[in-house]
Amino acid sequence: MNKFNLIVEPWIPCLMSDDTIKELSLLETLTRAHEIKEITDDSPLVVVSLYRLLLAILHRIFGPKNFEEWKNLWREGFWDEEKLKAYFESEHCRNRFNLFDAERPFYQYPKVTKKGGADSDRLPIETLMQEKATGANATLFDHSFKGRETNCPPSVAARYLIARQSFSLAGGVSYPFNLSNGLLVKGFSVLAIGENLFQTLALNLIKYPSERLMPFEEDDDGVSLDKPFWERETLQEAAERDKEGTVPRGYLDYLTWQSRRIKVLLDEESQTVKSCQLQQNFKLKENLNLFDPFKVYVEGEKGLYALDFNPNKSLWRNSHTIFRQNALPGEIANLSKHLTNISAAISNGEIEGRRRYALSIFGIVNDQASVEMWARETLPIPLDYFDDDALTGLLERAIQFAEEKGGIAGTLRAGIKELAKSLETSAANFPAMPIYWSSLELEFQRLLLDLPDEKDAAMKEWFGFVLRTADDAFRQTANGLSGTAKEQRAIVEAEAEFRKQKNILLSKHKTDWGKYLPETKAKGGNQ
C-alpha cells in the first residue's frame with residue numbers, strides 16, 4: 001500500500017440512518033451525507049476536526065456567497081455529486097489527498113527535519129493521539145497504548161493526523177521554534193446538529209467569502225488567495241522568522257491550519273502506521289482580532305476572548321452566553337447570527353425546517369502539554385433563542401437562580417461549609433454539590449424545550465425543581481453520615497444556616513423571582 005487516497009478509500013466513521021457504523025471515503029461521506037446521521041469516533045477531538053475539514057471543502061465548492069445561495073443549497077437536501085467529483089479530480093486535489101504521496105502527502109510534509117537539516121526523530125504513532133499520550137502527564141482516561149508499540153491502520157492514522165493539527169498543545173522544544181497551541185486548544189467549539197449529516201454541515205456553512213467572517217488576502221488582481229492548505233502551489237512551512245506568528249490567508253486557510261509539520265510513516269511489511277515525525281509549524285499571530293465562528297466570546301478587561309471549557313462547570317450553564325453571540329459587534333460573523341437567519345427563513349416559509357435542532361459543544365482541558373480531559377455535550381435547542389432576546393434573558397435568569405454566585409447553589413454550599421466546620425473537615429468531602437449539579441442537567445434540557453411556548457409555567461417548574469434539588473442534595477449528604485450525636489448536632493446547625501441563607505437570597509430577589517417561586521409551605525422558608 002503505497003497509496004491511500006482519502007477521496008476514495010474508506011476512513012471516516014459514519015453512523016448511518018439504520019444505526020450501523022460504516023467507514024466511508026471522503027467523496028462518499030459527502031455525496032451520501034443525507035443518508036448519514038452523524039460522524040462518529042471514540043475521540044470528540046477527531047469528530048470536531050473532521051467536521052471542520054468537511055466544511056472547508058464545502059465552502060471551497062459551494063460558497064455560499066450569500067444567504068439566498070445558502071437557502072438554495074438547503075432546499076436541495078444533498079450535496080451535488082458532480083461538483084464534488086469535479087473538485088476532487090482537479091489537479092490541486094487528485095493526488096494531494098493521498099496519505100502517502102511522495103511529494104504532497106495529505107496534511108503532511110514529505111520530509112520533516114529538525115535544526116541542522118537532519119531527519120526528525122521517529123515517534124510512536126500515538127503521539128498524534130493527544131488523549132492517548134504516553135509519559136508522566138499521560139491522560140487519565142485512556143492508557144491503552146502505554147508501554148507497547150501500536151499498529152495503526154491508515155484510516156485511523158488519517159483521522160488522528162487531522163485532529164492533531166487542530167489540538168496540538170504548546171510546551172516543548174521544537175524547530176523552527178518551540179511548540180505552540182493549535183487553533184482549537186483554547187476556547188470550546190459549538191456546532192449545530194441537524195437530522196442528518198447534510199443538515200449538520202449546512203447549518204454550519206456560514207456565508208463565504210465574507211470579510212465579516214474572516215479577512216482574506218488578495219493578489220495584485222484582487223483575486224482571493226484564501227484556499228485550503230492542500231491547494232497551495234508550493235508546500236510552505238514556517239521558518240524561524242515566523243516565531244511571532246503567521247496571519248491566515250482567509251477562512252479556508254484557517255480551517256485547514258497546519259500547526260505541525262507531520263509525516264506518518266507506513267510500515268511496508270504490516271501495511272500499518274507505527275510511527276510518525278513531528279515538528280512545530282505555523283503559529284497563529286496574536287492580537288489579530290480574528291474570531292472563530294464556532295467559539296463563544298465574552299467581554300474581558302482586554303476585549304473579547306474565547307470562553308474555555310471549565311471542568312467544574314457543565315457547559316449548559318453557559319448556554320445563554322452561546323445564544324447571545326448574535327449580539328456581538330455587527331462586523332463579526334458567527335454561527336449564532338447564521339442560525340438567526342435560518343430561524344427567520346423557516347418562520348417566513350422561505351425554507352422547510354424544524355424549529356428545534358441541537359448544539360454539540362466540544363472542549364478540552366490541558367495542563368503541561370497533556371490533555372487532562374475532553375468534553376462533548378449536546379443540548380436541544382429551539383431556534384427561538386437566537387432571535388428572541390427576551391427569551392434568552394429568561395433563560396439567563398433561570399440559570400442564575402441555580403448558580404453559586406447569587407443563586408441557590410451558593411446557599412447550599414454555605415450549609416455544607418457550616419457542616420464541615422462543625423465536623424472539623426473539608427467541605428469537599430461531602431457530595432452535596434455534585435449531587436445538586438448532576439440532578440439539574442436533564443431538567444434544564446426540559447426547560448430549554450418548554451420555555452419558548454410556556455414561559456411562566458416552565459420557569460415555575462424550574463424554580464421549584466431547583467429548590468427541591470438543593471434540599472434533596474443536603475438531605476442525602478446528611479443521611480450519608482454515621483449518625484453520631486456530634487454529627488446530628490452539626491446537621492441541625494448546618495441545615496439552619498442553609499435555610500437562613502436561602503431565605504435571605506429569596507427575600508433579596510423577591511421582585512425578580514417572586515412570580516416563579518412555589519408557595520411557602522412552612523414558616524422559615526422551607527420551600
Side-chain angles (χ1 to χ4, degrees), residues 38 44 47-48 140-141 188-193 296 298 307-325 356-365 372-386 391-413 415-416 427-428 430-455 457-477 480 498 502 513 516-518 527:
E38 63 179 0
V47 172
V48 68
L140 54 88
F141 50 72
F188 57 75
S189 297
V190 180
L191 290 175
I193 305 299
V296 175
V298 294
L307 200 59
D308 279 325
F309 171 64
N310 182 344
N312 299 314
K313 184 177 181 179
S314 297
L315 288 169
W316 62 262
R317 293 161 63 187
N318 279 316
S319 55
H320 60 291
T321 306
I322 296 172
F323 306 145
R324 289 195 184 281
Q325 293 300 290
R356 295 176 178 178
Y357 290 99
L359 294 179
S360 275
I361 306 167
F362 304 82
I364 67 169
V365 174
E372 295 296 311
M373 66 177 296
W374 49 258
R376 178 183 180 179
E377 295 187 19
T378 299
L379 292 174
I381 174 63
L383 293 178
D384 305 69
Y385 289 100
F386 292 100
L391 184 64
T392 304
L394 276 180
L395 187 71
E396 185 173 8
R397 185 181 301 182
I399 293 172
Q400 182 56 49
F401 181 71
E403 282 291 359
E404 294 207 27
K405 185 177 180 180
I408 294 300
T411 69
L412 176 60
R413 186 173 291 280
I416 296 303
F430 299 111
M433 301 313 297
I435 290 172
Y436 173 80
W437 286 119
S438 62
S439 300
L440 290 182
E441 188 157 353
L442 283 177
E443 186 66 20
F444 180 79
Q445 293 194 14
R446 183 184 303 173
L447 173 69
L448 268 178
L449 295 175
D450 292 346
L451 195 57
D453 299 321
E454 304 173 12
K455 294 180 177 60
M459 289 289 278
K460 287 178 180 178
E461 181 63 29
W462 170 256
F463 272 57
F465 187 85
V466 170
L467 290 169
R468 294 192 301 274
T469 300
D471 286 346
D472 289 345
F474 184 90
R475 184 50 49 191
Q476 288 185 51
T477 300
F498 168 36
K502 184 164 59 172
W513 296 345
Y516 307 123
L517 294 172
Q527 306 292 333

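We count residues from 1, following the sequence as given. As the structure is a computational prediction, the values presented were derived from the model and not from experiment.
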Worksheet entry | Partner set under side-chain hydrogen bond (donor to acceptor under 3.5 Å, both in side chains) for Arg356, not counting sequence neighbours | none
Worksheet item: Is the closest side-chain heavy-atom distance between Val190 and Gln325 below 4.5 Å?
Response: no
Worksheet item: How long is the span from the CG atom in Asp384 to the OG1 atom in Thr392, to the nearest 0.5 Å?
Response: 9.5 Å
Item to complete: Measure up the Tyr385 and Phe323 rings against each other and bin them: parallel (under 30°), tilted (30 to 60°), perpendicular (over 60°).
Response: parallel
Item to complete: List for me each residue that meets side-chain hydrogen bond (donor to acceptor under 3.5 Å, both in side chains) alongside Thr469, sequence neighbours excluded, and say none if there are none.
Response: none
Worksheet item: Ring centroid separation for Phe188 and Phe309, is it under 6.0 angstrom?
Response: no
Discussion item. Could you tell me if the side chain of Val48 sits less than 4.5 Å from the side chain of Leu191, heavy atoms only?
Written reply: yes
Practice prompt. Please tell me if the side chains of Lys313 and Glu403 come closer than 4.5 Å, counting only heavy atoms from C-beta onward.
Written response: yes
Which atom pairs, one a donor and one an acceptor, fall under 3.5 Å between side chains of residues 393-402 and the rest of the protein, sequence neighbours left out?
from: Glu396; atom 1: OE1; to: Arg324; atom 2: NE; distance (Å): 3.2
from: Glu396; atom 1: OE1; to: Arg324; atom 2: NH2; distance (Å): 3.0
from: Arg397; atom 1: NH1; to: Asp512; atom 2: O; distance (Å): 3.3
from: Gln400; atom 1: NE2; to: Lys405; atom 2: O; distance (Å): 2.4

Practice prompt. Mind checking the CZ-CD spacing from Arg317 to Glu441? Nearest 0.5 Å is all I need.
Written response: 10.5 Å
Item to complete: For this output row, return yes or no: ring centroids of Trp462 and Phe444 closer than 6.0 angstrom.
Response: yes
Item to complete: Could you check if a side-chain atom of Ile364 sits within less than 4.5 angstrom of a side-chain atom of Met373, using non-hydrogen atoms only?
Response: no
Worksheet, complete the sentence: One should read off an interatomic distance between Asp450 CG and Glu443 CD, to the nearest 0.5 angstrom, of 8.5 Å
